[in-house]
Amino acid sequence: MLIKALVVTALLGASTLVMPADEGEPIRSGEYLVDSGHSTALFRVTHLGVSAFWGRFNQVEGKLIYDGDDMSKSKVTVTIPVQSLDSNSEQRDGHLESPDFFNAKEFPEVTFRSKSVKGSADGSLELTGDFTMLGETRELVMLAKHVGHGEAGRFGYRAGWEADFTISRADFGMDFMADMLGGDVRIIVALEGALQE
Amino acid sequence: MDELTALKVVGLPLVVGFIGWLVSRRCGPKLGAALAGLTVVVSCIVVQGTVVGWPGFPPRQSLHLLPLLVGSGALLSAVRGRALTLALAVVLALAPAWFLLDRLPDVEFSTRALWAVATALILLLLWTPSLAQSTKAIAGPGVLAVVAGGAAGAAVFSHSVKLAEITGALAVCLGLIAILTLWRPHEPICRGASLAGSVALGALLVYGQHFLSMPPLELSLLLAGWATLHTARLRPSKPWTTGRQVRQGLLAALPVIAAVVIGFLRYTAEQQSNPYY
């Protein structure tokens with residue numbers, strides 16, 4: 001009984017060291033570096049018109065400059081190396097990286113660079129910016145929902161956002177296998193940023 | 001590849017090739033050679049346009065450079081005069097690596113120049129039998145068709161169906177000319193087709209080398225198959241009978257088949273974990 005109480009107390013104490021608890025506090029302004037290990041980029045495309053296939057990119061890099069006092073000074077830059085693509089099949093990864101799809105050797109990155117950032121009371125960001133893939137750039141508007149923020153013990157101050165948007169791959173010159181794969185690709189990018197002191 | 005696409009990749013070069021061959025036969029030797037060369041490159045470009053997609057101008061990606069690089073082969077089959085032919089051949093041998101490597105990020109000027117020179121030397125060596133003005137041109141389309149066919153297979157195993165389709169179209173057109181040559185030999189047509197086909201194949205292989213993960217061993221075997229055309233210089237006085245043409249093609253096929261088998265084994269090994277197809 002005593003040991004059980006000690007263990008529970010220790011776990012509760014440890015959790016308070018890392019659980020951000022700044023819900024009432026505004027998001028701190030500053031430069032956030034994207035933590036690739038805790039950020040995710042997923043893509044979804046329909047296959048044969050009957051199923052949804054999900055794949056991921058294992059690396060997400062970038063920077064977010066957040067200015068709570070003047071959102072016009074905020075900026076988001078995200079870079080995803082195409083060769084971090086992971087579709088759970090080495091063969092399919094090779095095909096997706098080939099000139100038939102991403103042409104990774106010629107266009108090694110997919111990027112998003114914001115041109116304007118609008119904030120909201122819940123910390124979510126409306127981003128307007130240039131999405132570049134296969135050398136083609138299109139302006140996109142997306143909502144990046146705020147997930148949370150706060151001091152995270154030894155991890156420092158962190159904040160996270162998640163954006164869910166859809167692109168038409170043909171707009172970027174990726175129209176191969178249009179009879180088997182859907183034209184619209186849903187993309188989810190979830191970022192965890194570490195505030196740089 | 002669906003049935004309609006397969007029909008386009010095979011059917012279009014057959015139609016273009018046959019029409020081009022018929023028209024070329026009715027012309028004088030120089031015009032006939034030029035038209036044969038034009039036929040070969042048009043068949044490639046038409047397949048690229050209808051199957052892969054028509055490239056814009058200016059080219060926005062490396063694949064869009066291929067019609068220009070492939071199409072330049074028609075110039076080599078049309079130009080007259082030995083000196084001009086050789087000068088143009090040098091330029092066309094430098095072009096693929098020079099322009100394609102420009103599309104890759106982080107490639108320094110010196111690296112690009114080295115690749116262009118090294119690639120040009122290899123291509124010129126391979127093109128020598130086709131550039132030489134002699135009856136060995138008869139052997140050209142058959143050998144090039146075999147190598148192009150193997151290259152199409154290698155492209156599939158290196159994960160690019162698009163490149164396979166374009167290279168396959170080249171193989172079909174050259175193969176048709178080779179078969180028609182068995183029936184009605186016509187040296188100028190073979191020479192024109194060989195010259196244009198050599199430039200086109202060179203560009204496609206350079207693309208495969210730098211933009212796909214085409215393994216060096218498979219690429220080397222394809223080039224070895226191409227190099228067997230040099231043996232056509234042996235016994236220059238011996239007539240190019242049907243048997244001799246077929247043997248020349250089979251000689252090229254040996255290393256090409258090895259390349260295809262190695263590529264296939266590699267491809268199927270990848271498939272064992274989470275099959276894609």
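Hydrogens, waters and symmetry mates play no part in the numbers below; they use all other heavy atoms, side chains included. This is a predicted model, so every value here is computed, not measured.
Residues B:K8 and B:E3 are not paired through a salt bridge, judged by the lack of any N-O separation under 4.0 Å between the basic side chain and the carboxylate. Under 4.0 Å is where a charged nitrogen must lie from a carboxylate oxygen, and between A:R169 and A:D175 no such pair does. The pair A:R138-A:D130 fails the salt-bridge criterion, with no side-chain N (NZ, NE, NH1 or NH2) lying under 4.0 Å from an Asp/Glu carboxylate O.
Using a 4.5 Å cut-off between heavy atoms, A:P99 contacts chain B through both its backbone and its side chain. At a 4.5 Å heavy-atom cutoff, A:E97 makes no contact with chain B through either its backbone or its side chain.
Interface summary for chain A: among B:L100, B:L104, B:L63, the most heavy-atom pairs under 4.5 angstrom belong to B:L104.
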Listed pairs under 3.5 Å, donor-acceptor, residues 188-197 of chain A side chains, sequence neighbours left out:
| from | atom 1 | to | atom 2 | distance (Å) |
| --- | --- | --- | --- | --- |
| A:E192 | OE2 | A:R158 | NH1 | 2.6 |
| A:Q196 | NE2 | A:A194 | O | 2.8 |

